[in-house]
2 protein chains.
Amino acid sequence: MSARRRPTIKEVAAAAGVSTQTVSRVINNRPDVAPETFERIQQIISETGYSPNMFARGLTQGRSHTLGVVAYGLEYFGPSRVLTGIEQQAAAVGYAISLNLIHEPEQADVEGLLASLVSRQVDGIIWAVPDVGDNRAWSNAAGSDHPVPVLLVGGMGGQSLLGSIGIDNRAIGRLATEHLLSGGARHVGLVTGPMDWWESRERQLGWRESLQERGLPASDRQIANGDWSATSGEAGLYQLVEQAPDLDAVFASNDQMALGVMHAAHRLGRRIPDELSVVGVDNIAEASHFWPALTTVDQPLRDAGGLAVRELDGAIRRARAARRGQDGAPAPRTLLQPKLVIRESSRPTP
Amino acid sequence: MSARRRPTIKEVAAAAGVSTQTVSRVINNRPDVAPETFERIQQIISETGYSPNMFARGLTQGRSHTLGVVAYGLEYFGPSRVLTGIEQQAAAVGYAISLNLIHEPEQADVEGLLASLVSRQVDGIIWAVPDVGDNRAWSNAAGSDHPVPVLLVGGMGGQSLLGSIGIDNRAIGRLATEHLLSGGARHVGLVTGPMDWWESRERQLGWRESLQERGLPASDRQIANGDWSATSGEAGLYQLVEQAPDLDAVFASNDQMALGVMHAAHRLGRRIPDELSVVGVDNIAEASHFWPALTTVDQPLRDAGGLAVRELDGAIRRARAARRGQDGAPAPRTLLQPKLVIRESSRPTP
DNA sequence: AGCGTTCCCGTTACCGCTAACGGCAACTCG
DNA sequence: CGAGTTGCCGTTAGCGGTAACGGGAACGCT
């Protein structure tokens, strides 16, 4: 942990007997350097272990090759997956990641956070915080002209002026519900996530639409509110069987709650899937080893993260090229499609 | 997503009719500014939304207030917890986080990664990658004098010259095994993690020590090698019951594998905990909702992350103060202690 | 009155790097 | 053989901020 000082371009130039500009040309791989000189300078660079100072470079070029990423809840499956996707793609495209975690999504100091990222000179910002409550009101604000491009990931609530990448959560609800119905279920219960989450509301909508299209009831008695935890899933089933005794299937809005539901079903002596079919969401690694193996809806979360980086990179380039052209194309919105994974917790289609 | 240019200190100074130096004094809260002037400048700053350019500031001061964090496997419970702890503490102490994820812990280009972080001018580096194979050989190298302080988190393999924060994994093995023994078990099987992980080897050592201290056998027939996945835990139990028919307890090196073990036990018709006691490690959120609720060993991972930031901050300050003093104190090593969480998958102490 | 302080503020010189430009050879070509 | 390339390299001037120093005005003190 010694404090060996890093060499500067000036020292490299002196050692090579050239000007700093020539060294600069070498490290940026620009023309107008004699092959022989090029070799010699590169030699010295690797000997001294020189690497350019990003501060100085950023100062002249006005870019940092860094993306600000604001995320929430790494302990949850979704967010950590998205972050992994972001990091991977960012590394591939040549961006560093400046990570900021939010702990209270509802009452974050959004402007302060964005300002601090901007003052760190990030080239763009990815807002990967779930759409909870009105925590995205800022993104709809008229005066939301940020000094750098901002991209939203996950959730699509509001008429945001910003670009966004999301997953079709209503389709998740429909996929799960229609699968349950096709397996013969007629009384499909729902354990929701927290209702201030956009994802929860959309999944519920999908569930409701599917039932209504078939003329089946979708009353409040078939709904239990959860909070994503297995505990709440367990409590949810106890509540459901009381409110709707003829329940024969449950769509749990995530795999943890599905686990809780199955736990409760075991305690109640209801066999899965014969007496009760269960479908979750997320396809967490453990899902295939639940008892029984859980049928679930898989979300392309990693892809969403990767796509976010590519889109943001595009926006950065465009903003940089236009510099003061028209603000151009409306913010693009992308919605990725989920996929059903059928296992043993649901009755198969006959 | 407009590209409104950010104001500079020069513009603020012009607007206030003072020199840039005076503005600089205001934003750094330094003396020698008349209260009235101070007010006026601050007014203009908030009106224009000025915030200092970190590049320029970093260039003169030689620090970025950024910590480089290298992590691996956010999809695993441990690493994501540690990262959360790091981020939280970093935010509290005033550091930003530059995140780098590794995908192949065995064959990462360590020097390249460190160099890239250093060239980004991070003030210090936290290496939060599990100790797998010989991927930490670099940290023992004699010439490991990095331009910035480096701290290792998790794992304690080798005689690293660098400071480190870890969790006592041998104690994990002992806690789990002794709990099983105190519940009456006499034939304790082990499902390990991958054996090139330091954590796995230490947990196995703890298991072995506990058995040998009581004069109980700890043969290879009681061991099945897993890979952290639930699948491997399931396969592990099948293997164990074949190799050691009188098996009455299993220590699984993480909760996922414990889940697999319980899954297999159900299939084999072995009742838990009466016929087979099971203990896991990690205390993941779902553990209390497994069937039955899983007894496990809790690791203070978030604390480890937080502590890492504080220690690194100290090292940074010291390095900065000494600047060329002796390299001083030997790298401190901290070992945090795990904690047993008793639930229903293990027979209680009579 | 004369001198030293204190308060407040401006000047200058960098930090490390790159864009823009200029300039000197050698080389090409009609 | 003179004029226009082309190849190669250096000089200058910043990017936006801060450290170090200096200096004028007002004040206090003997």
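Just so it is clear: chains get the letters A, B, ... in the order the sequence lines come, proteins before strands, and each one is counted from 1.
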Engineer: Heavy atoms only, 4.0 Å cut-off, all strands: where does B/Phe38 land among base, sugar-phosphate and nothing?
Structural biologist: nothing
Engineer: Tell me whether the side-chain N/O atoms of B/Asn28 come closer than 4.0 Å to OP1 or OP2 in D/dT18.
Structural biologist: yes
Engineer: Record whether the side chain of A/Arg6 comes under 3.5 Å of the base of C/dG16 through a donor-acceptor pair of N or O atoms.
Structural biologist: no
Engineer: Do the side-chain N or O atoms of A/Arg57 get closer than 4.0 angstrom to the phosphate oxygens (OP1, OP2) of C/dC17?
Structural biologist: no
Engineer: Quick one: is D/dC9 close enough that its OP1 or OP2 comes under 4.0 Å of any side-chain N or O from A/Thr37?
Structural biologist: yes
Engineer: Going by atom types only, do A/Arg6 and A/Ser51 share a side-chain donor-acceptor pair under 3.5 Å?
Structural biologist: yes
Engineer: Between B/Ser19 and C/dG10, is there a side-chain N or O to OP1/OP2 distance below 4.0 Å?
Structural biologist: yes
Engineer: Are B/Gln61 and D/dA19 close enough that a side-chain N or O sits under 4.0 Å from OP1 or OP2?
Structural biologist: yes
Engineer: So, does A/Ser24 get its side chain near the phosphate of C/dC17, meaning an N or O under 4.0 Å from OP1 or OP2?
Structural biologist: no
Engineer: Just by distance, with hydrogens left out, do B/Tyr95 and B/Asp313 show a side-chain donor and acceptor under 3.5 Å apart?
Structural biologist: yes
Engineer: Strictly below 4.0 Å: does A/Arg30 bring a side-chain N or O up to OP1 or OP2 of C/dT18?
Structural biologist: no
Engineer: Compare every heavy atom of A/Pro332 with every heavy atom of A/Glu311, then report the nearest pair and how far apart it is.
Structural biologist: OE1-CG, 3.5 Å
Engineer: Report yes if a side-chain nitrogen or oxygen of A/Thr22 is closer than 4.0 Å to either non-bridging phosphate oxygen (OP1 or OP2) of D/dG10; otherwise report no.
Structural biologist: yes
